[in-house]
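Data block below; observations after.
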Amino acid sequence: MKMNTLLSKILLALLATTAVALLLVSVIQRSSFKQGFSNFLQKQEEVQLSYLVAELQGWYSQRGSWQQLHGDSRRWLRLLARTRPEGISPPEDAMLGQQGPGDEARGKSPPRHRPRGPGHPDELHRLWRRIFLLDGEGLWVAGTRVRDPDPVDMQAIELDGAIVGWVGIVPATQPVAPEARKFMMFQQRTLLVSAGIALLASALVGFLLARHLSRPVVALRDSVQSLTAGDFSVRTEVRGNDEIASLARHINRLAETLQANQSARRRWTADLAHELRTPITILQAEIEAARDGVRPRLENTLDSLEEEVKHLSGLVSDLQVLALADAGALNMQLAEVDLVVLLRQAVDALGERIRQAGLSVEIEAPENLLIQADAQRLRQLFLNLLENSCRYTNAGGRIRIVLQSSSHAAELQIADSEPGLEAAQREQLFERFYRAENSRGRSGGGSGLGLAICREIVLAHGGSIEARTSELGGLAIFVSLPRAI
């Protein structure tokens, strides 16, 4: 597995996080367990000491003094053995190895096996070796000897409201007894083994999780590589609703857009070649006919040639406007203009064209409507929109123009009568070289660039343009232009 892949990075991140978490848990658990276990042992000693206090109270109440215990280690050990709390009871060899006053005189022999001395590590923490008894005045009676009992925790032995003695436990020289230390070491080894198993389990789960998370990213990478290579038909499978799925949807939409642009570019190239080929073919045919004498009337030939040259010039001009708009370099000379004046000038300029098409025009507009705009571009906008209605509206139809003002924008509506367009056709109406496949289609003539240019002019002014169904049965173009740019 390569270390620079997303899978390896996710896996290493998970393992590092798990390792740090396990290390912190181990350190905290070890410290807490050690402190807690020490406190537990201390509490146990206090409980066991309370057992001994009760036993010593009974012993003192029967005898009235500590005289019989003073210096008698065997009797002291037997007294400890009777309480029998855990850890207090001395071993039998210790009891046999301790001789009280007069034992040698009575002929008692020492034990055959000497007990382990007080310095032996297994004996250092035995509770019975650390217990001591003091009388009411704080003088030593039995047990281990202490030089200064003040810092040692002791419990008082009370009888009839008077303190008759003190019993205490000398702290161990080591914080934890060997048996307890063995238990703690066992727990620590168990913790380390558990941490190792947890780390291995985390590695397995992390590998599966990293592979699951990296799989869609790898698929996205492959899709982007295909898009870079020019294959816009590729699509990425989308699963879930997380950020990766959202990214996959965006890449799929990008692929769709690129594919649509590629198709549009190919269609643009084909349409442009066709539009240029038609006038060029006519020009070539007219020239050849005049040269061969087929067209004897030179005046008519020149008129035809001039018409085709105008068509070519208009097409080139339209293409130049669109090219400038695509480059963001559409020249705009902003000034205060009256839309009403520009609109009426455009209607007057196309008056003969409108009459030849057999159409009537209705205008609803205020006396004036001033905005900041480019007068030449807006005149081109109005002419293109009116030309579109003249070209595609059936003879005898109507064109209704409504111009009105709102608080922030000037709103223009140019609606015509039948025929109309379907919703899907209206959505593509402002695409370059698009012509619908009905009576508003190619049979009406035109290059298919007029409405595309209208959209670029409106967008350059910061406005919006939209095609809807007209109340007159045909098409309605709605234009909104901000009053100040």
Side-chain angles (χ1 to χ4, degrees), residues 37-106 108 110-111 114-180:
F37 194 71
S38 298
N39 294 337
F40 169 76
L41 294 179
Q42 184 178 357
K43 294 295 182 182
Q44 288 292 100
E45 290 182 355
E46 293 176 358
V47 171
Q48 293 172 1
L49 196 60
S50 63
Y51 296 155
L52 184 58
V53 168
E55 181 69 21
L56 291 174
Q57 282 179 339
W59 196 92
Y60 188 89
S61 64
Q62 293 177 1
R63 294 165 178 79
S65 69
W66 302 112
Q67 185 64 33
Q68 297 182 17
L69 275 180
H70 196 281
D72 192 343
S73 57
R74 292 192 61 185
R75 182 170 293 178
W76 169 251
L77 292 177
R78 282 196 299 270
L79 181 63
L80 293 180
R82 282 202 303 270
T83 60
R84 294 203 177 275
E86 182 180 358
I88 286 185
S89 301
E92 294 296 332
D93 57 351
M95 293 179 61
L96 293 175
Q98 300 292 336
Q99 295 185 11
D103 285 344
E104 294 180 358
R106 290 191 291 270
K108 300 235 180 175
R114 292 178 57 85
R116 289 173 290 190
H120 195 280
D122 289 340
E123 299 295 330
L124 286 175
H125 290 78
R126 291 191 180 275
L127 185 58
W128 66 273
R129 290 186 178 275
R130 296 187 287 116
I131 296 177
F132 63 89
L133 174 63
L134 305 179
D135 60 14
E137 297 178 358
L139 300 177
W140 178 83
V141 176
T144 186
R145 292 184 179 272
V146 289
R147 296 179 180 179
D148 185 9
D150 289 339
V152 181
D153 292 334
M154 297 183 296
Q155 293 188 18
I157 304 174
E158 297 184 5
L159 190 63
D160 297 332
I163 298 178
V164 297
W166 300 86
V167 63
I169 302 178
V170 177
T173 57
Q174 299 182 19
V176 182
E179 294 82 359

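Checking R130, Q155, M154 one by one against I169, the side chain to side chain contact (heavy atoms under 4.5 Å, CB included) holds for a single residue, R130.
In this structure A156 satisfies the side chain to side chain contact (heavy atoms under 4.5 Å, CB included) test together with E158, I163, W166, sequence neighbours excluded. Not counting sequence neighbours, Q62 has no partner by the side chain to side chain contact (heavy atoms under 4.5 Å, CB included) test. Considering only residues two or more places apart in sequence or on other chains, S61 meets the side chain to side chain contact (heavy atoms under 4.5 Å, CB included) condition with L159. Every residue two or more places apart in sequence or in another chain that forms a side-chain hydrogen bond (donor to acceptor under 3.5 Å, both in side chains) with Q68 is listed here: R63, R75.
For the residue pair L139 and D135, the shortest heavy atom distance occurs at N-OD1, 2.6 Å.
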### Task
I would like to know whether L56 and V164 meet side-chain contact (heavy atoms from CB on, under 4.5 Å); could you show each step before the answer?
CA-CA 10 Å; L56 291 174; V164 297; over 6 Å; no

### Query
Please walk me through it: do L133 and W140 pass side-chain contact (heavy atoms from CB on, under 4.5 Å)?
CA-CA 6 Å; L133 174 63; W140 178 83; over 6 Å; no

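Between Y60 and W66, the distance from one ring center to the other falls under 6.0 angstrom.
With rounding to the nearest 0.5 angstrom, the OG atom of S50 is 12.5 Å from the CD atom of E55.
Checked by atom type and distance alone, the side chain of W76 never pairs as donor or acceptor with a backbone atom of H70 at under 3.5 Å.
Residues F132 and V167 form no side-chain contact, since every pair of their non-hydrogen atoms from C-beta on lies 4.5 Å or further apart.
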